[in-house]
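This report refers to the structure that appears directly beneath it.
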Amino acid sequence: QVQLVEAGGGMVQAGDSLRLSCAASGRTLSRHVMGWFRQAPGKEREFVAAISLGGDNTRYADSVKGRFTISRDDAKNTVYLQMSNLRPEDTAVYYCAAQPASFSSTLYYGRRQYSYWGQGTQVTVSS
C-alpha cells in the first residue's frame with residue numbers, strides 16, 4: 001500500500017513559478033512509475049506529466065511542455081513538479097499518482113493505469 005501526499009499548491013499570478021511535491025509513505029517509490037494529473041472545475045482529470053523508473057524517461061502534455069518539469073528523488077521517496085511561466089489555464093487541482101512497474105523505460109499516461117493517488121493540491125493562477 002502506498003500513501004501519497006501532495007504539497008506546494010497555492011495562488012500565484014501569471015508568469016510565476018511553483019514547485020509541487022508528492023511524498024510517499026507505506027512503500028518506496030523506486031519501483032513505481034510516477035505521474036501528475038490535474039482537474040479544473042467542470043472538466044475531466046487530464047494527464048500532465050510522467051516519469052519512469054530511475055527518472056531517465058519523461059513525458060509531458062503538450063499544454064505544459066517546455067514550462068513544467070517532473071523529477072524524482074527516490075532517496076527521499078518524493079516526486080516533484082516544477083511549474084514555470086504559469087498561466088490562468090493551469091488553474092486546477094493537481095494530483096500525484098503511482099503505478100508499480102518492472103521496466104526502466106515504462107511510462108503511463110492514462111489515469112486508469114495508476115493504482116495510487118494523492119488527495120490533490122490546488123493551484124490557482126490569476127491574470
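Position 1 is the first residue of the sequence, and the numbers go up from there.
- Listed for the Thr91 side chain is a donor-acceptor partner under 3.5 Å among the backbone atoms of Val125.
- Side chain to side chain, Gln13 and Ser126 fail the donor-acceptor criterion of an N or O pair below 3.5 Å.
- The hydrophobic clustering, which links ILVMFWY residues whose side-chain heavy atoms are closer than 4.5 Å, places Tyr109 and Phe37 together.
- Residues Tyr60 and Ile70 are in side-chain contact: their nearest non-hydrogen atoms beyond the backbone lie under 4.5 Å apart.
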Report task. Could you give me the CA-CA distance, side-chain angles and deciding distance for Asp16 and Met83, then say whether side chain to side chain contact (heavy atoms under 4.5 Å, CB included) is met? Result -> CA-CA 8 Å; Asp16 287 351; Met83 305 181 293; over 6 Å; no
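- For CZ of Arg67, the number of neighbouring non-hydrogen atoms (other residues, nucleotides, ligands) closer than 6.0 Å is greater than 12.
- If you take CG on Leu20 and CH2 on Trp36, they are separated by 5.0 Å, rounding to the nearest 0.5 Å.
- Listed here is the closest heavy atom pair of Pro88 and Ala14: CD-CB, 4.2 Å.
- For the pair Val5 and Gln3, the minimum side-chain heavy-atom distance is 4.5 Å or more.
- Within the 4.5 Å cutoff, side-chain heavy atoms of Tyr114 are placed close to those of Val33.
- Among all heavy-atom pairs drawn from Ser71 and Ile51, the shortest one is CA-CD1, 3.7 Å.
- Ser63 OG to Phe47 CZ: the interatomic distance, rounded to the nearest 0.5 Å, is 9.5 Å.
- Residue Leu107 is not grouped with residue Phe68 when hydrophobic side chains (ILVMFWY) are merged at heavy-atom distances under 4.5 angstrom, including chains of intermediate members.
- Smallest separation of non-hydrogen atoms from Tyr116 and Pro100: CE1-CD, 4.2 Å.
- Shortest non-hydrogen contact noted between Val2 and Ala24 is CG1-CB, 4.3 Å.
- Side chain of Glu6 to main chain of Gly120: a donor-acceptor pair is present (N/O by atom type, distance under 3.5 Å, no hydrogens or angles).
- By the side chain to side chain donor-acceptor pair (under 3.5 Å) test, Asp74 is found to be paired with Arg72, residues two or more places apart in sequence or in another chain being considered.
- Atom OH of Tyr108 is separated from atom NE2 of His32 by 10.5 Å, given to the nearest 0.5 angstrom.
- Side chain of Thr78 to backbone of Lys76: a donor-acceptor contact under 3.5 angstrom is found.
- To the nearest 0.5 Å, atoms CG (Asn77) and SG (Cys22) are separated by 9.0 Å.
- Between the side chains of Gln82 and Ser84, no donor-acceptor pair of N or O atoms lies under 3.5 Å.
- Transitive grouping of hydrophobic side chains (ILVMFWY, heavy atoms separated by less than 4.5 Å) keeps Val79 and Trp117 in distinct clusters.
- The shortest distance between side-chain heavy atoms of Leu29 and Leu4 falls below 4.5 Å.
- Contacts classified as salt bridge (Lys or Arg N to Asp or Glu O under 4.0 Å) and involving residues 39-53 (residues at least two apart or in different chains) are given here: Arg38-Glu46.
- Atom CZ of Phe103 sits about 9.5 Å away from atom CZ of Arg31, to the nearest 0.5 Å.
- Under the 4.5 Å side-chain heavy-atom criterion for grouping Ile, Leu, Val, Met, Phe, Trp and Tyr, Leu86 is not connected to Tyr80 through any hydrophobic cluster.
- How far CG of Leu18 is from CG of Asp90: 10.0 Å, rounded to the nearest 0.5 Å.
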